[in-house]
Protein chains: 2
Amino acid sequence: MVINAQHSGQPVVQLDEKSKAIIEQLQHDGRQSYSAIGQAVGLSEAAVRQRVSRLLDSGVMQIVAVTDPMQLGFARQALIGIRIDGDVVAAAEAIGEFGEVDYLVITAGSFDIIAEVICESDADLFELINDRLRRVPGVSTTETFMYLSLHKQKYNWGTR
Amino acid sequence: MVINAQHSGQPVVQLDEKSKAIIEQLQHDGRQSYSAIGQAVGLSEAAVRQRVSRLLDSGVMQIVAVTDPMQLGFARQALIGIRIDGDVVAAAEAIGEFGEVDYLVITAGSFDIIAEVICESDADLFELINDRLRRVPGVSTTETFMYLSLHKQKYNWGTR
DNA sequence: AGTGAAACGACCGTAGA
DNA sequence: TCTACGGTCGTTTCACT
């Protein structure tokens with residue numbers, strides 16, 4: 001499941017100030033009414049609606065619920081750096097299948113793949129790494145970085 | 001800005017099946033109407049609204065717009081592993097101030113801090129790491145993992 | 001916590017500039 | 001791509017369970 005790749009030739013969307021302002025509004029509250037947004041940015045309700053539809057349809061923006069894993073009892077998070085012998089993409093596909101993996105990138109550097117995992121307990125995390133991750137074809141070594149605290153997390157790209 | 005910490009004594013919220021189903025709906029489309037959700041999960045519109053309000057007020061869930069940095073011209077993403085001499089938290093605060101940093105965790109392992117950064121160009125990334133990051137008090141060494149491709153990204157925690 | 005009903009406001013399609 | 005305008009549907013409030 002490749003969502004995006006650098007140098008993929010994807011068109012880069014140029015947003016005007018109005019669209020940036022709309023996105024900014026929706027980053028604070030994704031359920032704001034179109035008319036409220038319109039008032040904030042100086043457009044009619046219908047105009048806001050059209051622009052939001054375009055942003056959603058083109059995939060530039062998504063409006064989704066995000067949950068806090070900690071508050072839901074998923075207390076063990078970690079980043080895992082993985083070195084691969086052989087086909088990195090195939091390994092990435094396989095590792096991406098694990099439900100505990102919520103984020104996976106192929107990287108340049110001393111790791112080929114870095115994945116973020118969310119587990120309920122140390123035991124779950126250990127089982128994932130030891131019993132499943134290390135048995136994925138191509139995985140040679142792994143290095144685990146347990147989260148001690150999450151200091152910053154933001155979603156507001158494209159509107160700075 | 002500490003969003004969360006392990007062993008922080010935060011109450012863990014127990015969600016029933018209905019609330020999980022509601023979250024699941026909103027993870028697919030954060031602007032779905034309460035009545036549509038109600039039909040999907042078997043509750044009245046008013047009941048869905050009350051539950052969603054509670055989930056939002058308690059901070060368990062957020063409904064936000066997320067954008068695709070690539071499509072907006074932020075083509076250089078990287079994870080940076082950072083080793084700190086001295087006060088890790090102070091360094092984390094300082095590094096978190098950089099606008100290019102969208103994600104920052106304090107970790108156990110061979111890095112003290114791991115940060116995700118999003119830049120428009122290699123030059124921006126280089127400037128960030130060399131001119132600003134390495135001058136943050138306490139930063140001893142850094143290791144950069146450039147993104148080659150993003151294979152998986154999901155937001156649907158708590159509802160598996 | 002959940003339901004139901006009525007008033008209000010938001011949303012959606014269409015038409016026109 | 002914007003505004004204008006009705007019909008329709010969603011949301012809100014309130015009384016009740």
Side-chain angles (χ1 to χ4, degrees), chain A residues 10-68 70-73 155-160, chain B residues 10-74 155-160:
Chain A
Q10 274 215 6
V12 169
V13 181
Q14 278 300 349
L15 301 179
D16 62 14
E17 292 310 311
K18 296 284 188 193
S19 287
K20 287 187 186 178
I22 292 172
I23 294 174
E24 211 156 344
Q25 291 293 319
L26 290 169
Q27 280 164 344
H28 288 109
D29 176 4
R31 283 189 79 89
Q32 254 177 104
S33 74
Y34 294 132
S35 5
I37 300 169
Q39 290 202 318
V41 307
L43 281 174
S44 71
E45 176 271 331
V48 173
R49 194 156 29 91
Q50 285 174 27
R51 294 173 95 115
V52 170
S53 299
R54 257 183 290 123
L55 289 167
L56 294 174
D57 291 345
S58 65
V60 170
M61 179 180 77
Q62 254 180 299
I63 298 174
V64 293
V66 296
T67 51
D68 179 349
M70 294 287 182
Q71 288 197 51
L72 294 173
Y155 304 106
N156 51 329
W157 288 99
T159 55
R160 278 180 302 172
Chain B
Q10 276 215 3
V12 169
V13 180
Q14 277 302 347
L15 301 180
D16 62 14
E17 292 309 313
K18 297 284 188 192
S19 287
K20 287 186 185 180
I22 291 171
I23 294 175
E24 210 156 346
Q25 291 293 319
L26 289 169
Q27 280 164 344
H28 289 109
D29 176 5
R31 280 190 82 89
Q32 252 178 104
S33 72
Y34 295 132
S35 5
I37 299 168
Q39 289 203 317
V41 308
L43 281 175
S44 73
E45 178 273 329
V48 172
R49 191 155 33 85
Q50 283 182 45
R51 284 171 178 259
V52 170
S53 301
R54 256 181 290 125
L55 289 168
L56 294 174
D57 291 345
S58 65
V60 169
M61 180 179 76
Q62 253 180 298
I63 298 174
V64 294
V66 295
T67 50
D68 180 349
M70 293 285 182
Q71 289 196 52
L72 294 174
F74 293 88
Y155 304 105
N156 53 330
W157 287 100
T159 57
R160 277 180 304 173

Given dT3(C), dT3(D), dT12(D), identify the nucleotide with an atom nearest to the side chain of L43(A).
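Selected nucleotide: dT3(D).
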
What's the closest nucleotide to the side chain of Y34(A) if the choices are dA10(C), dC12(C), dT11(D)?
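The answer is dC12(C), which lies nearest to the side chain.
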
Would you mind reading off the distance between [X] atom [atom1] and [N] atom [atom2], rounded to a whole angstrom?
X: I37(A); N: dA10(C); atom1: CD1; atom2: C1'; answer: 12 Å
X: Q39(A); N: dG9(C); atom1: CD; atom2: P; answer: 12 Å
X: E45(A); N: dG10(D); atom1: CD; atom2: P; answer: 15 Å

L15(A) side, atom CG; L72(B) side, atom CG - distance, nearest 0.5 Å
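Taking CG in L15(A) and CG in L72(B), the distance rounds to 5.5 Å.
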
Side chain to side chain contact (heavy atoms under 4.5 Å, CB included) between E17(B) and V41(B), intermediate numbers included:
CA-CA 9 Å; E17(B) 292 309 313; V41(B) 308; over 6 Å; no

Pair E24(B) + K20(B): basic N to acidic O under 4.0 Å
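Here E24(B) does not pair with K20(B) in a salt bridge, since their nearest N and O are not under 4.0 Å apart.
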
Could you identify which residues of residues 47-62 of chain B place a heavy atom less than 4.0 Å from some atom of DNA chain C, listed by residue number, or say none?
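By residue number: A47(B), Q50(B), R51(B), R54(B).
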
Please confirm whether the shortest side-chain N or O distance from S35(B) to OP1 or OP2 of dT11(D) is below 4.0 Å.
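Yes.
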
List the steps and the verdict of side chain to side chain contact (heavy atoms under 4.5 Å, CB included) for L55(B) and L26(B).
CA-CA 12 Å; L55(B) 289 168; L26(B) 289 169; over 6 Å; no

Would you mind reporting whether S19(B) and D16(B) have side-chain heavy atoms less than 4.5 Å apart?
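The answer is yes, as the side chains (C-beta and beyond) meet within the 4.5 Å cut-off.
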
Can you list the steps and then say if R51(B) with L43(B) is a side chain to side chain contact (heavy atoms under 4.5 Å, CB included)?
CA-CA 10 Å; R51(B) 284 171 178 259; L43(B) 281 175; 3.6 Å; yes

